Amino acid sequence: MTAKRYIAKVPSNIALIKYWGKREKQWPANDSLSMTLTSSQTVTIASRLKSSSFEVFVGKHQLFPTDPFAKKIFSHLKFLATNLDFADGLRIETSNTFPASCGIASSASGMGALTLAAIAAWEDQCESPLSLQKLAHLARMGSGSACRSLLGGFVAWNAGDHPSLQSIEQVAKAEHWPLADLIVVTSAKAKSTSSSAGHETANTSPLFAIRTAGIHERMRIAREAIAARDLSTLGPLMETDALDMHAVMMTSKPALNYFTEATVAVLQWIRDQRKAGTLEAYFTVDAGPNPHILCRLEDAQKISALIHEAFPHFEILNDQVGTGPTIDSEVTA
Ligand code: PMV
């Protein structure tokens, strides 16, 4: 008997202007803007089953709905099946090319890949009749930032004035501006508080309203800086936005802190080197301890070597802006 498998490869994305906090279920408190990556990706393979159940594997390891890590995967599959009216069960095999749950946006690539692979298997075709907007909105229901991973290059997620007015928009293609993202893996340990839990308490911070009020202007400057390929404007803006999001986290109730001594040391080192004129690179940090260092692609090798020299114990993932997801099928015997 032959079986058809659908393989979705969805890259992670790094937010330059961060989404933090929700107005209501999967409706973000603020607009956000990210760069889709290339090498850090989730590969998810889906095939239809005769039964109506879901079987989920990470590598060879089978996950069950009671497993806290797997809960989100099973509930997203159920959500997709109900929303799109598909009755068949699926076998899902998923893996990441990078460490998960430590601030490299594995939920973005993971939920993006799950959405694309599952829908392709149900529809039995790679090219979905659903629009990219619709697919992105479905992915968003699994993890907000996943909607941005469905497009390549630089991507905005606009919150709109109503949940139904949210939109996902490619601000610039990957080819427009070849930027590198050097991810310094200070720790590959999974974080103890998920970003989903963090979004829930964001509005308890006295800094939350100040942050969200300023995002509109930040988005405007970021869009202009991307259009002009202006790193010396985008970089400091991106650093401020990341630190401002972490300040919200640290002043929320309960307080949330993803920074470690190593995170702070890398951020300080980047600023010191920049001041000394050694390099032009800027940092951002997602919900985890691992700094992302953005620089021009032509400078990436040199800067990666300098980071390695200063922090020889940390692995560096050399990534860059990418063109977005791919989906293929194969027939197995
Ligand atoms: O998509 P979530 O629920 O994992 O939240 C993502 C939050 C950040 O990564 C910290 C910021 C962002 O915009 O990606």
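By convention here, the first residue in the shown sequence is residue 1. First listed ligand is number 1; within each ligand, the first listed atom is number 1. Just so you know, these numbers use all the heavy atoms, side chains as well, and skip hydrogens, waters and symmetry mates. Just so it is clear, the model here is predicted, and its values are computed rather than measured.
- The shortest separation from a heavy atom of M111 to ligand 1 is not under 4.0 Å, leaving the residue out of contact.
- The line from CD of Q41 to CG of N13 is 13.0 Å long, rounded to the nearest 0.5 Å.
- Residue T42 is tested with S106, S107, S109 for a side-chain hydrogen bond (donor to acceptor under 3.5 Å, both in side chains); the sole match is S109.
- The nearest non-hydrogen atom to atom 1 (O) of ligand 1, considering only S32, S145, S195, A139, comes from S145.
- Residue contacts with ligand 1: K18 is placed with no nitrogen or oxygen under 3.5 Å of a nitrogen or oxygen of the ligand (distance criterion only).
- Within ligand 1, counting atoms from 1 as listed, the ones closer than 4.0 Å to a heavy atom of G144 are 1 (O).
- Near A15, the atoms of ligand 1 lying under 4.0 angstrom from a non-hydrogen atom of the residue are 12 (C), 13 (O), 14 (O).
- Between S143 and ligand 1, an N or O atom pair is found at a separation short of 3.5 Å.
- The option with the heavy atom closest to atom 10 (C) of ligand 1, from among S107, G288, A287, is A287.
- Taking 4.0 Å as the cut-off between side-chain N and carboxylate O, R218 and D244 count as a salt-bridged pair.
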In residues 81-88, what donor-acceptor pairs under 3.5 Å come from side-chain atoms, sequence neighbours left out?
residue: T82; atom: OG1; partner: K78; partner atom: O; Å: 2.7
residue: D88; atom: OD2; partner: R48; partner atom: NE; Å: 3.0

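- Aromatic pair H176/F154: ring centres not closer than 6.0 Å.
- S128 pairs by the side-chain contact (heavy atoms from CB on, under 4.5 Å) definition with I119, E123, L130, L135, not counting sequence neighbours.
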